[in-house]
Amino acid sequence: MIQDIIKGQIATALYSLYQITIAPENVVIEKTSDDYSGDFTFVVFPYLKASRKSPAATAQELGAFLNDNCSEIDSYEVVTGFLNMSIKQEYWLNFLSSSYSISNYGFAEPNSKEAVLVEYSSPNTNKPLHLGHIRNNLLGYSVAEILKATGHKVITCNLVNDRGIHICKSMYAWMQFGNGETPESSGLKGDHLVGKYYVLFDQKYKSEIKELCLNGMTEEDAGKKASSILAAQELLVKWEANDPETVGVWKMMNEWVYRGFDVTYKKLGVNFNHYYYESNTYLLGKEIVQEGLDAGIFYKKDDNSVWIDLSEEGLDQKLVLRGDGTSVYITQDLGTAELKFADFNCNRSIYVVGNEQEYHFKVLQQIAIKLGKSYAPGIFHLSYGMVELPHGKMKSREGTVVDADDLISEMELTAEETTKALGKMDGESEENLKKLYHTIGMGALKYYLLKVDPKKKMMFNPEESIDFQGNTGPFIQYTHARIKSVLRNAGSNEFRFEPNEVSLSKVEKEILVKLYHFPLVIAEAGREMSPGVICNYVFELAKNYSQFYHDHQILKEVNLNQKNMRLQICELSAAVIRSSFSLLGIEVPEKM
RNA sequence: GGUCUCUUAGCUCAGCUGGAUAGAGCAACGGUUUUCUAAACCGUAGGUCGAAGGUUCGAGUCCUUCAGGGACUACCA
């Protein structure tokens with residue numbers, strides 16, 4: 001890349017002018033600020049001691065050297081300690097001509113890098129998905145796609161949390177009050193039906209606690225003695241003992257939930273290469289606990305519970321196995337971690353899990369290190385921030401959630417209303433329109449959620465609808481549709497031009513430079529595991545293109561060279577928008 | 001109490017390993033369509049980057065302290 005050429009030349013210049021030895025890759029150059037002319041800037045302040053000259057004089061000397069020795073540099077300009085270099089127009093034009101017809105421009109050779117496992121979604125099977133899960137799913141899907149684009153072999157998996165006390169709660173409520181209600185008999189989507197009983201359980205449980213408290217019991221005791229929680233716990237014991245009736249209900253209700261999830265996953269456009277079920281893996285960790293005991297890393301307390309002391313690592317003493325021998329979260333996660341690396345022979349295992357579990361993953365990794373597991377360094381918690389509502393966190397049991405299915409429907413509806421109001425798609429078939437509404441609605445939703453840095457918490461206000469204008473998915477989709485319209489009208493897709501016969505306007509050059517940087521943007525997004533990097537990039541590209549489209553004629557341009565150059569810009573811009581959005585899991589329409 | 005984290009325009013957010021006069025979108029106000037899709041384009045206004053110190057040629061960015069949010073610190077997951 002041109003940056004590497006310049007860095008190499010600067011390293012040479014620094015050595016021959018001032019005897020400074022520096023490796024080319026350690027030379028830092030940056031994009032020239034918009035307020036100055038030039039493409040790249042080298043800041044000379046750090047080298048003044050060696051040059052023993054003023055900032056301007058140093059920059060001037062370096063600029064002259066580079067201008068003489070680097071054929072790609074067209075001119076340079078010095079502003080105090082800043083050396084601004086302009087690259088020859090020909091360089092950008094050659095890049096355009098040689099790249100515009102490459103459909104997967106910017107993507108690395110598939111499977112050219114080590115295998116990576118990405119776990120995401122990982123839902124509980126006692127309630128439907130909500131907005132927080134949507135963020136998780138979109139993030140996991142997108143990060144997997146980004147890593148693929150950087151050349152990694154990627155395996156996605158979903159660890160389904162299908163057992164435990166929370167599952168028994170909805171089971172118990174259904175057995176008590178359900179009267180045999182099914183998704184078919186109620187017309188409810190399976191996950192929503194089960195969620196209804198989860199909420200019902202909580203209401204019942206709370207009213208029991210209230211009553212016990214009125215009879216003089218403390219709230220803490222009441223929480224342990226309420227009859228419904230005792231019943232749920234009994235159900236859990238029965239489940240672990242493989243009681244046929246309990247297991248039967250469990251299987252049936254989980255099946256309802258899975259069918260419901262499948263519908264939502266399909267609408268979200270996410271999928272998994274592999275499913276793990278906690279009911280299958282929860283026993284595995286116990287072997288590792290034994291291993292740790294044998295190695296003297298874990299220790300037993302008098303009540304038979306097993307612990308590890310991580311206070312030297314800045315963490316506390318942590319329980320790894322209950323006194324009654326049943327496993328806790330960390331127990332099964334130790335087992336699953338081992339299983340994952342064994343199943344897929346990968347070096348890295350990424351967990352897309354909320355930041356509320358940071359402590360848990362620190363513990364997990366520390367234990368793996370202490371056990372001497374070779375895979376320990378490969379455990380990576382991709383910790384993302386919670387989605388908050390104006391009133392605070394979402395709570396399933398309290399009903400303060402934004403339901404995933406509802407939100408998706410709302411987005412499709414808004415897309416439909418907006419499209420109809422604009423009237424551009426009149427006469428299109430009902431089937432195409434339906435698909436378009438989905439594409440646009442999901443484009444708005446996905447872009448909205450993915451543009452925020454994953455590490456940061458984000459605010460969602462249900463009162464304010466998600467925008468379709470400005471820095472949004474639909475704007476970028478619209479930009480793509482306009483480009484495709486131009487390309488359809490262009491007829492051919494062979495656009496040859498003579499580099500010497502065209503001129504580049506400011507915005508045309510900006511687009512070219514931006515397109516040129518696409519591979520670097522993918523690399524950065526992969527390094528940071530941040531789809532937001534792609535969002536920022538593709539928005540700027542779309543904005544540049546829109547300005548270009550507004551300011552310049554394309555098909556009506558009389559200079560054939562100029563026209564074809566612009567058509568190449570169209571072609572590559574459309575491809576990069578499409579590719580960028582594919583990394584976000586968003587489709588782009590041909591018309592809208 | 002301890003650990004971690006956040007605070008940038010009225011609102012939602014960018015700001016790459018420290019670099020030039022801190023940027024978008026929305027909302028507000030004004031303008032642009034006989035011409036390739038106006039879900040667009042152009043302009044105006046809006047800021048003590050939570051506060052105070054420090055590090056240095058240079059700090060929104062790094063360090064310390066403080067204020068205010070949030071998360072975690074369960075024989076829950």
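Proteins get letters first, then strands, A, B, ... in listed order; numbering begins at 1 in each. Just so it is clear, the structure is predicted and the values come from calculations on it, not from any experiment.
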Next item on the list: Identify whether any heavy atom of A:Ser305 sits under 4.0 Å from a base atom; if not, whether one sits that close to sugar-phosphate; answer base, sugar-phosphate or nothing.
Entry: base
Item checked: Rounded distance (Å) that lies between atom C1' of B:C72 and atom NE2 of A:His381 -> 12 Å
Check: Any idea which of B:A24, B:A38, B:C13 is nearest the A:Tyr478 side chain?
Finding: B:A38
Margin query: Suppose we call a contact any N or O donor and acceptor under 3.5 Å apart; does that hold for the side chain of A:Thr41 and the base of B:A20?
Written below: yes
Notebook entry, point to check: When all nucleic acid strands are considered with a 4.0 Å heavy-atom cut-off, which category describes A:Gly323: base, sugar-phosphate, or nothing?
Noted result: base
Notebook entry, point to check: So which nucleotide from B:A14, B:A20, B:C41 ends up closest to the side chain of A:Phe82?
Noted result: B:A20
Check: Between B:C41, B:C4, B:U37, which nucleotide gets closest to the side-chain atoms of A:Tyr549?
Finding: B:U37
Note to self: Return the pairing partner of B:U3 with a 3.5 Å limit on both distances, Watson-Crick or G-U wobble; otherwise return none.
What the structure shows: B:A71
Note to self: Can you tell me if A:Arg322 touches the phosphate of B:C76, counting only side-chain N or O atoms and a distance under 4.0 Å to OP1 or OP2?
What the structure shows: yes
Notebook entry, point to check: Please give, in whole Å, the distance from B:U37 C1' to A:Gln469 CD?
Noted result: 14 Å
Check: Ring centroid separation for A:Phe518 and A:Tyr537, is it under 6.0 angstrom?
Finding: yes
Margin query: Within residues 526-538 of chain A, which residues have any heavy atom lying less than 4.0 Å from an atom of RNA chain B?
Written below: A:Asn536
Check: Within the modelled atom types, does a donor on one side and an acceptor on the other bring the side chain of A:Asn84 and the base of B:A20 under 3.5 Å apart?
Finding: yes
Notebook entry, point to check: When the ring centroid of A:Phe42 is compared with that of A:Tyr47, is the distance short of 6.0 Å?
Noted result: yes
Checklist line | Contact nearer the 5' end of RNA chain B, comparing A:Phe468 with A:Glu524 | finding: A:Glu524
Notebook entry, point to check: Mind checking the P distance from B:U33 to B:A38? Whole angstroms is fine.
Noted result: 12 Å
Notebook entry, point to check: Rounded to whole angstrom units, what separation is found between the CG atom of A:Leu541 and the C1' atom of B:A24?
Noted result: 15 Å
Note to self: Under a 3.5 Å cutoff, is there a donor and acceptor pairing between the side chains of A:Asn355 and A:His381?
What the structure shows: no
Notebook entry, point to check: When you measure from the side chain of A:Ser33, which nucleotide among B:C76, B:A20, B:C13 comes out closest?
Noted result: B:A20
Note to self: Under 4.0 Å, counting only non-hydrogen atoms across every strand here, what does A:His552 touch: a base, just sugar-phosphate, or nothing?
What the structure shows: base
Checklist line | Spacing of the P atoms in B:C6 and B:G15 (rounded, Å) | finding: 13 Å
Item checked: Pairing partner (Watson-Crick or G-U wobble, both distances under 3.5 angstrom) of B:A28 -> B:U44
Checklist line | Rounded distance (Å) that lies between atom P of B:C41 and atom CD1 of A:Ile511 | finding: 12 Å
Item checked: Short side-chain donor-acceptor distance under 3.5 Å, A:Tyr120 and A:Asn158 -> no
Next item on the list: Tell me whether the OP1 or OP2 atom of B:A14 has a side-chain N or O from A:Lys456 closer than 4.0 Å.
Entry: yes
Next item on the list: Measure from the side chain of A:Phe45, starting at C-beta and using heavy atoms only, and say which of B:A71, B:G19, B:A77 lies closest.
Entry: B:G19
Check: When you measure from the centre of the six-membered ring of A:Tyr282, is the NZ or CZ of A:Arg163 under 6.0 Å away and within 45° of the axis?
Finding: yes
Check: Just how far, in rounded Å, is P of B:A40 from OH of A:Tyr545?
Finding: 15 Å
Next item on the list: Quick one: label A:Pro55 by what it contacts on the DNA or RNA (base, sugar-phosphate, nothing), any heavy atom closer than 4.0 Å.
Entry: nothing
Notebook entry, point to check: Nearest to the side chain of A:Lys543, which nucleotide is it out of B:U7, B:C41, B:A77?
Noted result: B:C41
Item checked: Whole-angstrom distance between B:G25 and B:G19, as gauged at atom C1' -> 27 Å
Margin query: From the set B:A77, B:G19, B:A38, return the single nucleotide nearest to any side-chain atom of A:Glu30.
Written below: B:G19
Notebook entry, point to check: When the P atoms of B:A74 and B:U3 are considered, how many whole Å apart are they?
Noted result: 15 Å
Note to self: Strictly by Watson-Crick or wobble contacts shorter than 3.5 Å, is anything paired with B:A59, and which nucleotide is it?
What the structure shows: none
Next item on the list: Find the distance between CH2 (A:Trp250) and CH2 (A:Trp239) and round it off to the nearest 0.5 Å.
Entry: 5.0 Å
Next item on the list: Quick one: label A:Thr419 by what it contacts on the DNA or RNA (base, sugar-phosphate, nothing), any heavy atom closer than 4.0 Å.
Entry: base
Note to self: Taking the six-membered ring for Trp, are A:Tyr545 and A:Phe548 closer than 6.0 Å centroid to centroid?
What the structure shows: yes
Margin query: Does either side chain, that of A:Asp162 or that of A:Thr125, offer a donor lying less than 3.5 Å from an acceptor on the other one?
Written below: no
Next item on the list: Using the C1' atoms only, state how far B:A24 lies from B:G46, rounded to an integer number of Å.
Entry: 14 Å
Check: So what does A:Ile440 touch, heavy atoms closer than 4.0 Å: a base, only the sugar-phosphate, or nothing?
Finding: base
Notebook entry, point to check: Between A:Thr472 and A:Gln469, do the side chains contain an N or O donor and an N or O acceptor separated by less than 3.5 Å?
Noted result: no
Next item on the list: Any strand is fair game: report the nucleotide pairing with B:A20 by Watson-Crick or G-U wobble, both distances under 3.5 Å, or none.
Entry: none
Next item on the list: With heavy atoms under 4.0 Å as the rule, sort A:Met592 into base, sugar-phosphate or nothing.
Entry: base
Item checked: SB check A:Glu428 A:Lys435 (cutoff 4.0 Å) -> no
Check: Can you check the A:Glu590 CD to B:U37 P distance for me, whole Å?
Finding: 14 Å
Notebook entry, point to check: Rounded to whole angstroms, how far apart are OH on A:Tyr447 and P on B:C26?
Noted result: 12 Å
Item checked: Cation-pi geometry met for A:Lys318 and A:Trp307 (6.0 Å, 45°) -> no
Margin query: Quick test of the criterion, 5.5 Å between centres and less than 30° between planes. Is A:Tyr36 stacked on B:A20 or not?
Written below: yes
Note to self: Applying the Watson-Crick and G-U wobble criteria at under 3.5 Å, what pairs with B:G50? Answer none if nothing qualifies.
What the structure shows: B:C66
Next item on the list: Tell me which nucleotide among B:A77, B:G19, B:A20 gets nearest to the side chain of A:Val43.
Entry: B:G19
Note to self: Give me the distance, rounded to whole Å, that separates B:U64 from B:U5 when you measure between the P atoms they each carry.
What the structure shows: 11 Å
Checklist line | For atom CD1 of A:Ile29 and atom P of B:C16, their distance in whole Å | finding: 17 Å
Notebook entry, point to check: Any idea which of B:C41, B:C36, B:C4 is nearest the A:Glu358 side chain?
Noted result: B:C4
Notebook entry, point to check: How many angstroms lie between CG in A:Leu364 and CD in A:Gln357, if you round to the nearest 0.5 Å?
Noted result: 10.5 Å
Item checked: Nearest-Å distance once atom P is located in both B:C62 and B:A20 -> 16 Å
Margin query: For the base of B:A40 and the side-chain ring of A:Phe475, does the geometry meet a stacking cutoff of under 5.5 Å between centres and under 30° between planes?
Written below: no
Item checked: Nearest-neighbour nucleotide for the A:Asp467 side chain, B:A71, B:C26, B:U12 considered -> B:C26
Check: Between A:Gln317 and A:Tyr448, who's closer to the 5' end of RNA chain B by nearest nucleotide?
Finding: A:Tyr448
Next item on the list: Rounded to whole angstrom, note down the P distance from B:G1 over to B:C57.
Entry: 40 Å
